[in-house]
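In what follows, a structure is listed as structure tokens, so that the remarks can point back to it.
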Amino acid sequence: MLELNYRDTRPIYEQIKDGLRKLVVSGVIRQDEKLPSVRELASQLAINPNTIQKAYRELEQEGCIYTVAGKGSFAAPLSDISSSRQTALFKQFDGAVTELVYLGRKPDELKERIDQLQQGGVQK
């Protein structure tokens with residue numbers, strides 16, 4: 001399900017958060033599907049449950065997951081993902097596009113890249 005990279009400069013909880021977010025947004029974890037419990041995931045990844053709890057808490061703040069007391073955490077509908085997350089993504093997008101244009105990439109090239117992503121893939 002999730003893989004951790006101990007050489008990554010990002011904290012472990014951020015790697016977990018990003019990994020789970022990608023699984024939810026891509027539909028691998030479907031709407032209203034139960035996520036592993038904090039203890040279960042901590043055991044699978046051999047890390048402290050507090051690390052998992054922090055990732056779950058932040059994902060809940062973003063609207064990617066929701067928690068039902070006594071039942072666990074579940075994937076939220078995509079429509080519930082907060083506008084603040086979308087705003088943050090647009091900020092990253094704008095920064096990347098600005099840098100690519102500065103490096104000489106043409107707008108048509110960037111649009112083509114977006115079209116490729118929409119069709120399911122980009123050659124890396």
Side-chain angles (χ1 to χ4, degrees):
M1 180 183 226
L2 291 174
E3 290 185 25
L4 300 177
N5 179 355
Y6 293 100
R7 291 183 173 192
D8 193 325
T9 58
R10 294 175 302 151
I12 298 296
Y13 84 92
E14 281 188 20
Q15 292 182 47
I16 294 166
K17 185 176 74 169
D18 291 345
L20 286 171
R21 185 187 310 108
K22 284 178 186 173
L23 292 172
V24 170
V25 171
S26 68
V28 173
I29 298 176
R30 290 185 284 275
Q31 176 181 330
D32 300 321
E33 186 175 334
K34 188 176 186 314
L35 275 64
S37 71
V38 169
R39 287 184 185 183
E40 184 182 339
L41 191 54
S43 175
Q44 286 175 6
L45 298 174
I47 60 174
N48 189 313
N50 292 331
T51 303
I52 304 296
Q53 186 61 46
K54 183 172 184 175
Y56 276 23
R57 189 174 335 124
E58 289 194 10
L59 285 169
E60 190 166 7
Q61 289 172 346
E62 290 178 8
C64 285
I65 66 172
Y66 64 93
T67 301
V68 177
K71 301 236 186 229
S73 297
F74 300 84
L78 292 179
S79 60
D80 288 355
I81 296 179
S82 72
S83 62
S84 64
R85 175 68 185 149
Q86 293 178 31
T87 301
L89 288 171
F90 272 120
K91 196 172 194 177
Q92 289 175 0
F93 178 81
D94 293 348
V97 168
T98 300
E99 189 171 343
L100 286 165
V101 168
Y102 179 76
L103 293 171
R105 298 296 184 179
K106 303 290 182 212
D108 289 343
E109 218 178 327
L110 300 175
K111 184 181 178 333
E112 183 179 318
R113 181 86 170 192
I114 292 169
D115 292 343
Q116 288 174 348
L117 286 169
Q118 277 187 306
Q119 294 170 7
V122 168
Q123 299 123 5
K124 293 182 181 183

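All values below were derived from every heavy atom in this structure, side-chain atoms included, with hydrogens, water molecules and symmetry-related copies excluded.
What you find for A76 and V24 is that their closest heavy atoms are O-CG1, 4.2 Å. Nearest heavy atoms, I29 versus A75: CG2-CB, 3.7 Å. Between G72 and K34, the shortest heavy-atom contact is CA-NZ, 4.2 Å.
When side chains are defined from C-beta on, Y56 does not count as touching C64, because their heavy atoms never get closer than 4.5 Å.
E60 and T67 share a donor-acceptor pair across their side chains, judged by distance under 3.5 Å alone.
Under the 4.5 Å side-chain heavy-atom criterion for grouping Ile, Leu, Val, Met, Phe, Trp and Tyr, Y66 is not connected to L35 through any hydrophobic cluster. Under the 4.5 Å side-chain heavy-atom criterion for ILVMFWY residues, a single connected hydrophobic cluster contains both V28 and L4. Residues Y13 and L20 do not share a hydrophobic cluster, defined by chaining ILVMFWY side chains whose heavy atoms lie under 4.5 Å apart. Residues V25 and I114 are members of separate hydrophobic clusters, defined by side-chain heavy-atom contacts under 4.5 angstrom among Ile, Leu, Val, Met, Phe, Trp and Tyr. There is no path of hydrophobic side-chain contacts, each under 4.5 Å, that joins F74 to I16.
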If you apply the rule side chain to side chain contact (heavy atoms under 4.5 Å, CB included), what do you find for E62 with K17, and how did you get there?
CA-CA 10 Å; E62 290 178 8; K17 185 176 74 169; 3.9 Å; yes

Verdict with reasoning, E58 to K54, per side chain to side chain contact (heavy atoms under 4.5 Å, CB included)
CA-CA 6 Å; E58 289 194 10; K54 183 172 184 175; 3.8 Å; yes

Evaluation steps, side chain to side chain contact (heavy atoms under 4.5 Å, CB included), between R30 and E33:
CA-CA 5 Å; R30 290 185 284 275; E33 186 175 334; 3.7 Å; yes

When you look at K111 and D115, which way does the salt bridge (Lys or Arg N to Asp or Glu O under 4.0 Å) test go after all the steps?
CA-CA 6 Å; K111 184 181 178 333; D115 292 343; 3.2 Å; yes

Sequence neighbours excluded and cut-off under 3.5 Å, please list the side-chain donor-acceptor pairs for residues 38-48, or say none.
from	atom 1	to	atom 2	distance (Å)
N48	OD1	N50	N	2.7
N48	OD1	N50	ND2	3.4

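Within 6.0 Å of CZ on R10 lie more than 12 heavy atoms contributed by other residues, nucleotides or ligands.
Summarising the geometry, atom CG belonging to L23 is positioned 11.0 Å from atom CG belonging to D18; distances are rounded to the nearest 0.5 Å.
Here the side chain of Q15 pairs a donor or acceptor atom with the backbone of N5 at under 3.5 angstrom.
Comment: K106 does not engage D108 in a salt bridge, judged by the lack of any side-chain N to carboxylate O separation of less than 4.0 angstrom.
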